[in-house]
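See below for the structure under consideration.
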Protein chains: 2
Amino acid sequence: MEKTDAVAALSALAQEHRLEIYRLLVQAGPGGIPAGEVASALGIAPNTLTFHLDRLRHAGLVSVARQGRSLIYAARYETMTNLLGYLTENCCGGQPGLCEPSAACPPPAKSQSRKRKETVR
Amino acid sequence: MEKTDAVAALSALAQEHRLEIYRLLVQAGPGGIPAGEVASALGIAPNTLTFHLDRLRHAGLVSVARQGRSLIYAARYETMTNLLGYLTENCCGGQPGLCEPSAACPPPAKSQSRKRKETVR
DNA sequence: ACATCATTTCGATTATCGTTGAAATATGGA
DNA sequence: TCCATATTTCAACGATAATCGAAATGATGT
């Protein structure tokens with residue numbers, strides 16, 4: 001993921017309503033939810049919802065598909081996965097050991113067998 | 001992590017300069033970097049940098065400590081860890097199998113993300 | 001005290017954001 | 001066709017964001 005895309009995704013999520021919307025869609029799973037249901041579930045005016053869904057969509061965080069009169073929105077998990085990867089890459093200059101005191105960089109790669117996560121906060 | 005804190009952290013990162021600043025600090029490790037060095041490394045005017053560092057600091061993403069004339073800024077990894085946890089919790093309504101087709105929810109795996117935090121409402 | 005370096009504060013400017021109300025578009029059914 | 005439902009588009013508004021230039025603060029060395 002590029003810096004520009006990361007900023008786009010972060011900006012899209014950096015708003016209370018949009019974060020709620022996204023989380024609702026994430027919890028709903030791949031099947032998605034019609035826009036109206038999102039609106040009533042979160043108490044957002046329909047035109048305002050359109051505005052926010054547009055931003056999430058342009059950031060690649062949700063997809064949309066028509067089904068009858070309804071437009072079904074669903075979370076695009078891949079984008080979140082890429083964003084998380086971007087945020088955690090190059091942690092501590094590639095020396096994860098440095099982050100240890102705070103369990104910072106989630107286990108940098110494949111084998112997550114290395115457990116050393118007794119956070120002391 | 002609460003919704004409000006998540007929005008604060010996401011907002012702080014949702015800006016090109018601040019994302020660069022944060023990533024620079026992450027790569028620098030726990031030792032941190034003086035503000036001036038950040039400014040010259042990224043080509044940001046010092047007063048503008050202060051503005052951005054303030055936002056990162058208020059979001060809990062960086063810490064600051066004086067050392068001589070310099071103010072050393074460092075990434076607070078714990079906040080990022082909490083943010084990532086917030087973003088990936090309750091993925092697909094707690095049924096990670098649903099997300100499978102796109103490797104959505106980072107491997108809900110064994111020891112991670114099974115901590116009882118607050119209830120999602 | 002003075003001069004210098006590092007960083008912050010202040011004031012102003014321009015742009016973008018989130019919301020609203022009203023009107024428009026698209027789909028499906030009588 | 002006409003009507004109801006579902007969602008979007010448009011125009012406007014106040015609020016906040018990001019940047020700049022100039023001045024102020026704080027720390028250090030002489």
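In the text below, chain A, chain B and the rest are named by the order of the sequence lines, each starting its count at 1. We use all heavy atoms of the structure for the numbers below, so side chains are in, but hydrogens, waters and symmetry mates are not.
- The stretch residues 4-16 of chain A comes close to DNA chain C through A:Gln15, each having a heavy atom under 4.0 Å from the strand.
- Rounded to whole Å, atom P of C:dT7 lies 13 Å from atom CG of B:Leu42.
- Atoms CG and NE2, from A:Asn47 and A:His52 in turn, are 9.5 Å apart once rounded to the nearest 0.5 Å.
- For the pair A:Ile21 CD1 and C:dG18 C1', the computed distance is 12 Å after rounding to whole Å.
- Regarding A:Leu56, its CG atom lies at a distance of 16 Å from the C1' atom of D:dT8, rounded to whole Å.
- Residue A:Thr48 is in base contact, counting any heavy-atom pair closer than 4.0 Å across all strands shown.
- In this entry the distance linking CG of B:Leu53 with C1' of C:dA6 reads 13 Å, nearest Å.
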Protein heavy-atom contacts under 4.0 Å, written 5' to 3' over nucleotides 22-30 of chain C as B (base), S (sugar-phosphate only) or - (none), form the string B----BB--

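- B:Arg55 places its CZ atom 13 Å from the C1' atom of D:dT19, with the value rounded to the nearest Å.
- Across all strands shown, B:Thr50 has heavy atoms under 4.0 Å from base atoms, whether or not it also approaches the sugar-phosphate.
- The phosphate of D:dA6 has neither OP1 nor OP2 within less than 4.0 Å of any side-chain N or O from A:Tyr73.
- For the pair A:His52 and C:dC17, the criterion of a side-chain N or O lying under 4.0 Å from OP1 or OP2 is not met.
- In this structure, A:His17 places its NE2 atom 17 Å from P of C:dC17, rounding to the nearest Å.
- A:Leu83 contributes atom CG, which lies 5.0 Å from atom CG of A:Leu10 (distance to the nearest 0.5 angstrom).
- B:Leu71 is not listed as a side-chain neighbour of B:Leu53, based on a closest heavy-atom distance of 4.5 Å or more.
- Under the 4.5 Å side-chain heavy-atom criterion for ILVMFWY residues, a single connected hydrophobic cluster contains both A:Leu49 and A:Leu42.
- Atom CD in A:Glu37 sits roughly 15 Å away from atom C1' in D:dT5 (whole-Å rounding).
- Across A:Ala75 and A:Tyr22, no two heavy atoms sit closer than the pair CB-CE1, 4.1 Å.
- Between B:Tyr73 and B:Glu37 the shortest side-chain heavy-atom distance does not fall below 4.5 Å.
- Across all non-hydrogen atoms, the minimal contact from A:Ala12 to A:Leu61 is CB-CD1, 3.8 Å.
- Looking at heavy atoms from C-beta onward, B:Asp5 lies out of side-chain contact with B:Asn82 at the 4.5 angstrom threshold.
- A single hydrophobic cluster is not seen to contain both B:Leu56 and B:Phe51; linkage of ILVMFWY side chains at heavy-atom distances under 4.5 Å, directly or through other members, places them apart.
- Set against D:dT7, D:dT19, C:dT7, the side chain of B:Phe51 has D:dT19 as its closest nucleotide.
- Across the protein-nucleic acid pair, A:Leu49 atom CG and D:dA6 atom P stand 14 Å apart, rounded to whole Å.
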